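Everything numeric here is computed off the predicted structure, so don't read it as measured data. For this chain, numbers begin at 1 and follow the sequence in order.
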Amino acid sequence: MEHGTEEITRLVIQLAAILIAAKLFGELFQRFLKLPAVLGELAAGILIGPFALGAVEFPVIGALFDHVPDFSGGFEIPVSEPLWAISQVGSIVLLFMAGLETDLRQFLRYSKQATLVATGGVVLPFVFGVALTVIFGYADGIGDARALFIGAVLTATSIGITVRVLGDIGKLGTPEGVTILGAAVLDDVIGILILTVVVGLEASGQISAGSIGFVAIKTIGFWLTLTGIGILLSRRISDLLSKFQVSGAALALALAFAFLAAGLAESFGLAMIIGAFSIGLALSDTDLAQTLEEPLGAVYTALVPIFFVVMGMLVDLGSLSGVIGFGALLTVFAVVGKVLGSGGPALLVGFNLRGSWRIGIGMLPRGEVALIMGGIGVSSGILDSELYGVAIIMTIVTTALAPPVLSASFSSGETGIRKNPENVENDA
């Protein structure tokens, strides 16, 4: 019992430190550096995390973030399991709210554009990642699991980072915003599919077309089914929750649906955040979305910064010195791969150069998705510490670069679609 009390005490102190650091750095970045607050939260995580100040021994409390648990079947995360779990709850809230704030009709209208943008944003970065890993001698050929894994990591798009930036600048519901959001979800579905195939290849030495097809049908089919069922039942869910008179019932039960969808998505091989976004999107066109705006915003303000600070804590800057050259070049191609791979197709479906640039940059940050994918690569024995370090370099730079550039790209307020707005809609 005493041990449990100590763990809880440490956890609440850690949460206090995280929230204080998140708000201080968020204020610093937003007010003085004119950068999105989310970037300050990531920086705060790096600074106070276990690879920096978190390992320093303080009087009475000792080192605040020095615990490195062993997650069986996963990778070693340099924070305690309870703190990691709370951060994941924050990510679920983030994507659930993003879904609620997305215009469903707009999202469906731009589904064709999002699919094309996502495809380009997967293919080009994947080819670049595989080719560079082989050229630099880190893999024996294009069929080497190490090359395929680096390629898979480059396909990632951080839904969380992009959603946070678009939400902060009020552009989540724009044509570019919904296209980026839809494409980012598809990117993660495809990226997870590639990841599953590569891990299976490494484990068995071979993988059949049948097994690849099964994984593809299971993951993509579940995502489409979950979203479709959610849309069909959304009105009934909204009406049901509106009948409760207990204070906070609508918020609590809506979050329950989000958590359930997230858990089901994870059990089917998808990321939890995709399930949370799907149910939020399904409910976005109901009266419930309006009801939840204020109370869910309060939950968001408290939990989501924890998620981004913990993501920053995963970064060990000291491990990156030996792979700076390869990491720098891979990062350049990671940027080019997303900007051209996602932005180029946007030109074909009604966006102008300005809109295509916004979409390419919006798809740029790898964030938490790449960090988690890289960690799985380490735990499965595919990536060594050097290749993982390369993935970290790429993730840090793309995640840091995207928010200020994306914000600046919308500063003019000019449209991102061609002069005839119907061009985009007619292509859908």
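Side chain of Arg366 to main chain of Ala334: a donor-acceptor pair is present (N/O by atom type, distance under 3.5 Å, no hydrogens or angles). In this structure, Arg146 contributes its side chain and Thr133 its backbone to no donor-acceptor pair below 3.5 Å. A donor-acceptor pair under 3.5 Å is absent between the side-chain atoms of Ser356 and the main chain of Leu353, judged by distance alone. Counting only distance, with no hydrogens or angles, the side chain of Ser238 and the backbone of Ser234 share no donor-acceptor pair below 3.5 Å. Of the possible donor and acceptor atoms, one in the side chain of Lys338 sits under 3.5 Å from a partner among the backbone N and O of Gly121. Between the side chain of Asn352 and the main chain of Ile417, a donor-acceptor pair closer than 3.5 Å is present. Panel note: side chain Ser242, backbone Asp239; a donor-acceptor pair is recorded below 3.5 Å. Although no hydrogens or angles enter the test, the distance criterion places a donor-acceptor pair under 3.5 Å between the side chain of Thr157 and the main chain of Met363. Looking only at distances, a side-chain donor or acceptor of Thr398 sits under 3.5 Å from a matching main-chain atom of Thr395. A donor-acceptor contact shorter than 3.5 Å is absent between the side chain of Arg10 and the backbone of Thr5.
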Trace of the side-chain contact (heavy atoms from CB on, under 4.5 Å) decision for Leu64 with Ile48 = CA-CA 9 Å; Leu64 196 54; Ile48 70 171; over 6 Å; no

Starting from the C-alpha separation in whole Å, work towards a yes-or-no answer on side-chain contact (heavy atoms from CB on, under 4.5 Å) for Trp223 and Val185.
-> CA-CA 10 Å; Trp223 175 56; Val185 172; 3.4 Å; yes

Are Phe307 and Ile92 close enough, and set up right, to give a side-chain contact (heavy atoms from CB on, under 4.5 Å), and what steps lead you there?
-> CA-CA 10 Å; Phe307 167 65; Ile92 292 171; over 6 Å; no

Go through Ile86 and Leu11 one step at a time and tell me if the side-chain contact (heavy atoms from CB on, under 4.5 Å) criterion holds.
-> CA-CA 10 Å; Ile86 292 173; Leu11 176 63; 4.0 Å; yes

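Thr301 is listed as a side-chain neighbour of Lys23, based on a closest heavy-atom distance under 4.5 Å. Using a 4.5 Å cut-off on side-chain heavy atoms (C-beta onward), Phe222 and Thr227 make no contact. Contact annotation: the side chain of Pro305 never approaches that of Ile18 to less than 4.5 Å [non-hydrogen atoms, C-beta and beyond].
The six-membered or imidazole ring of Phe96 lies away from that of Phe277, with a centre-to-centre distance of 6.0 Å or more.
Taking CG of Leu387 as the start and CG of Leu330 as the end, the distance is 9.5 Å to the nearest 0.5 Å. Arg236 contributes atom CZ, which lies 14.0 Å from atom CG of Leu241 (distance to the nearest 0.5 angstrom). Once rounded to the nearest 0.5 Å, the distance linking OG1 of Thr174 with CG of Leu166 reads 6.5 Å. Atom CE of Met394 sits about 4.5 Å away from atom CG of Leu154, to the nearest 0.5 Å. A distance of 9.0 Å separates OG of Ser411 from CD1 of Ile169, quoted to the nearest 0.5 Å. Ile359 CD1 to Leu347 CG: the interatomic distance, rounded to the nearest 0.5 Å, is 8.5 Å.
With Phe65 as reference, Leu83 is the one residue of Val56, Leu53, Leu83 to meet the side chain to side chain contact (heavy atoms under 4.5 Å, CB included) rule.
In terms of heavy atoms, Leu42 sits closest to Phe308 at CD2-O, 3.3 Å. Nearest approach of Ile279 to Gly230, heavy atoms of both residues: CD1-CA, 4.4 Å. In terms of heavy-atom proximity, Gly151 sits nearest to Phe126 at C-CD1, 3.3 Å. The shortest heavy-atom contact between Ala114 and Thr179 is CB-O, 3.7 Å. Residues Ser284 and Leu281 approach most closely at OG-O, 2.7 Å, considering heavy atoms. Gly45 and Met313 make their closest contact through O-CG, 3.3 Å (heavy atoms, listed as atom of the first residue, atom of the second, distance).
Ring geometry for Phe333 versus Phe128: interplanar angle over 60°, hence perpendicular rather than tilted (30 to 60°).
Stacking of Arg358 on the aromatic ring of Phe410 is recorded, both the 6.0 Å distance cut-off and the 45° axial limit being met.
Between Lys171 and Glu176 no salt bridge is recorded (no basic side-chain N to carboxylate O distance below 4.0 Å). Ionic pairing of Arg235 and Asp287 is not present here: no N-O contact between side-chain nitrogen and carboxylate oxygen is shorter than 4.0 angstrom.
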